[in-house]
Amino acid sequence: MYMDAMNEILDKIGTIGIVPVVVIDRAEDAPRLGEALCDGGLPCAEVTFRTEAAAEAIAVLKREFPHMLVGAGTVLTPRQADQAMEAGAAFLVSPGLNVKLLDYCLGQNYPMIPGCMTPGEIEQAMERGLRTVKFFPAEAAGGIRFIRALAAPYRDVRFMPTGGIHAGNVEEYLAFDRVLACGGSWMVKGDLIAAGDFDRIRQLTREAVQLVARCRGTGAERSAG
Ligand code: 3PG
């Protein structure tokens, strides 16, 4: 049952292709943010618990845009995991593999994508039945070349690289069929949200969607695999 729910969410993330990573200071900005993301074609957000507004922003997005896939990011503690799920988050993401937190979330049946950067971390996630992990910080840790090497021994593990990904390099990640989706903040930068520049967010989101379509439509590995 848990795995069915988890797989359903992962399928949605895979279809969308890019998960906008949001840092939001004021929950009252959430409706216009959600509108820009949905209009732009990415009905998805990972709202990070780096600000006090995170839980409320998740609740607002869920209420205003019920079809949106809203998750919580930078989840570091069981308390934040509870807050995120109570607010309506569909999934949780952590930057690292915090075994205590991961075991808590699995015990609560919370869909969780933990960050892994080493073979040992991947194996700990696998031991717990997970087959999809975040790879963070993607660019600084070695980028797509590193992921390809890391993926080789783990034939059924998929990655959600995040960190340093942008319109100029996202295609090289998406072209690898073991990349489920990429996370990134480039279309929803905090300064754009704070400045109320939702038109720019909409435009950058549209451009991101075009990159996914272009890459997945022509990606030889993806169509072959
Ligand atoms: C994350 O929270 O996963 C990253 O900080 C997002 O990385 P980016 O801001 O480089 O896209």
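Read the numbers this way: they start at 1 and go in the same order the structure lists the ligands and their atoms.
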For atom 11 (O) of ligand 1, grab the closest protein heavy atom and report residue, atom and distance to one decimal in Å.
Ser185 N, 2.9 Å
4.0 Å heavy-atom contact, Gly163 with ligand 1:
yes
Measuring from the heavy atoms of His166, does anything fall under 4.0 Å of ligand 1?
no
Suppose I only count heavy atoms of Gly184 and a 4.0 Å limit; which atoms of ligand 1 are within that range?
11 (O)
Which option out of Glu139, Met187, Arg50, Glu46 puts a heavy atom nearest to atom 2 (O) of ligand 1?
Arg50
Does the separation of the ring centres of Tyr173 and Phe159 fall below 6.0 angstrom?
no
Please write down residue, atom name and distance for the protein heavy atom closest to atom 6 (C) of ligand 1.
Thr162 CG2, 3.7 Å
Kindly give the heavy-atom pair with the smallest separation between Ala208 and Trp186, and that separation in Å.
CB-CZ2, 3.9 Å
Looking at Val75 and Leu101, what are the two nearest heavy atoms and their distance?
O-CD2, 3.2 Å
Are Tyr110 and Phe91 close enough, and set up right, to give a ring-ring contact (aromatic ring centres under 6.0 Å, His included), and what steps lead you there?
CA-CA 7 Å; Tyr110 294 167; Phe91 63 95; over 10 Å; no
Counting from 1, what ligand 1 atoms have a heavy atom of Val21 closer than 4.0 Å?
1 (C), 2 (O)
Do Tyr104 and Asp82 get their side chains close enough for a donor-acceptor pair, meaning under 3.5 Å?
yes
Below 3.5 angstrom, do we get any N/O pair linking Gly164 and ligand 1?
yes
Side chains of Gln203 and Arg200: donor-acceptor distance under 3.5 Å anywhere?
yes
